[in-house]
Each structure stands twice: as C-alpha cells, then as structure tokens.
Student: 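Okay, here's the structure, questions in a sec.
Both ligands and their constituent atoms are indexed starting at 1 by order of listing.
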Amino acid sequence: MKFTNAITSLFFLFAATMFSLVAAAPLARLQSRDVYTPPVLYPHAGTVWKVGARHNVTWDNSDPPVNITNPIGQILLRKGDFTLDGPLASGFNLTAGRVEVTVPHVKPGHDYVIVLFGDSGDWSHKFTITH
Ligand SMILES: *[C@@H]1O[C@H](CO)[C@@H](O)[C@H](O)[C@H]1NC(C)=O
Ligand SMILES: *[C@@H]1O[C@H](CO)[C@@H](O)[C@H](O)[C@H]1NC(C)=O
Ligand SMILES: *[C@@H]1O[C@H](CO)[C@@H](O)[C@H](O)[C@H]1NC(C)=O
C-alpha cells in the first residue's frame with residue numbers, strides 16, 4: 001500500500017513536471033519574439049494635411065524589442081468609423097521610424113486617424129485633411 005502510494009505520487013510529480021514544461025513553452029516563444037506596436041508621433045492633434053501633399057508619418061522607434069515578430073509595417077487611413085480602402089504605405093521597415101505618404105483624394109474632415117501596423121495597430125490622434 002505504501003509502495004503503491006509512492007509510485008502514484010512519483011507519477012503525479014512526473015506528470016505535473018511534463019505539463020508545466022509544455023505549458024511554459026509557448027510563453028518562452030512569446031518572450032523571445034515581441035510584438036512591436038510603436039506609438040505614432042506625427043500626425044498628431046492639430047496637424048492639417050492638404051490632399052495631394054507628401055508627409056512623413058513618424059513613430060517612436062527609440063525602444064524596439066530585440067526580436068520583432070512583425071518588422072514590416074503598414075499604414076492605413078481612417079475617417080470616423082471607416083477605414084479607407086488600400087494602405088497609404090506598406091512593406092516598410094518599422095525600425096526606420098518614418099515613412100513618406102501622399103495624402104489621398106479624400107473629402108475634408110477633422111476626424112482622420114492614421115493606424116500603424118505592427119501587429120495590433122497603433123492609432124494616431126485625430127487630425128485634419130483639407131483641400
Ligand atoms: C532573440 O532571438 C535570438 C535568436 O532566436 C535569441 O537567441 C535571443 O535570446 C532573443 N533575444 C531576446 C531578448 O528574446
Ligand atoms: C521625410 O524624411 C526624409 C528623411 O528625413 C526627408 O529626406 C524627406 O524629405 C521627408 N519627406 C517629406 C515629404 O517631408
Ligand atoms: C530593418 O532595419 C534594421 C535597421 O536598419 C535592420 O537591422 C533590419 O534588418 C531591417 N529589417 C528588414 C526586414 O528590412
């Protein structure tokens with residue numbers, strides 16, 4: 001009886017160890033390759049863009065993780081609740097901290113937002129586009 005208990009508890013110890021090893025594996029992967037969503041610096045609140053003009057969208061690239069899962073960026077333009085078709089820029093290096101865009105022919109508004117991907121997408125403040 002005592003012997004059986006010892007075997008049983010050894011088995012559970014073994015099973016628990018295996019389980020925690022398996023459970024820890026995905027976590028270790030996440031830590032070694034970080035999702036990088038740097039904050040947008042420009043455009044910001046108070047920025048006014050004219051249709052057709054070229055501007056550098058900039059973001060804070062001062063603190064990138066060592067291993068970035070998503071080094072290639074994409075920039076979308078939103079107005080209110082709508083995202084405009086087609087990215088303003090894509091395929092650029094997120095570590096660069098800036099990318100040049102041309103303001104597309106959209107209607108004037110004060111509720112435009114730049115979304116920078118990365119992974120989850122980082123939103124700029126609302127800014128204005130005029131004609
Ligand atoms: C970055 O990735 C390399 C190679 O996969 C790895 O050796 C290193 O530990 C990782 N660094 C960090 C801080 O996660
Ligand atoms: C964007 O930044 C680059 C590097 O600083 C500069 O050469 C370029 O003229 C800028 N573009 C605009 C539209 O300001
Ligand atoms: C992005 O730029 C950094 C720094 O210049 C460079 O080390 C890295 O290889 C580049 N990544 C890609 C995917 O071009």
Student: Considering non-hydrogen atoms of the protein only, which is the closest contact for atom 5 (O) of ligand 2, and what is the distance?
Tutor: R98 NE, 4.1 Å
Student: Short check: is a protein heavy atom less than 4.0 Å from atom 11 (N) of ligand 2?
Tutor: yes
Student: Where is the nearest protein heavy atom to atom 14 (O) of ligand 2: which residue, which atom, and how far?
Tutor: N56 ND2, 3.5 Å
Student: With clusters defined by side-chain heavy atoms of hydrophobic residues (ILVMFWY) lying less than 4.5 Å apart, directly or transitively, does F127 cluster with V51?
Tutor: yes
Student: With no hydrogens and no angle check, do the side chains of N93 and T95 hold a donor and an acceptor under 3.5 Å apart?
Tutor: yes
Student: Which heavy atom of the protein is the closest neighbour of atom 13 (C) of ligand 2, given with residue, atom name and distance?
Tutor: R54 O, 3.5 Å
Student: Nearest to atom 9 (O) of ligand 2, what protein heavy atom do you find, and at what distance?
Tutor: E100 OE2, 4.2 Å
Student: Can you tell me how far the NE2 atom of H55 sits from the OH atom of Y42, to the nearest 0.5 Å?
Tutor: 5.0 Å
Student: Side-chain donor-acceptor pairs under 3.5 Å in residues 71-81, sequence neighbours left out?
Tutor:
{"unit_1": "R78", "atom_1": "NH1", "unit_2": "T83", "atom_2": "OG1", "d": "2.9"}
{"unit_1": "R78", "atom_1": "NH2", "unit_2": "D81", "atom_2": "O", "d": "3.3"}
{"unit_1": "K79", "atom_1": "NZ", "unit_2": "D111", "atom_2": "OD1", "d": "3.0"}

Student: Roughly how far, to the nearest 0.5 Å, is CZ of R54 from CH2 of W49?
Tutor: 11.0 Å
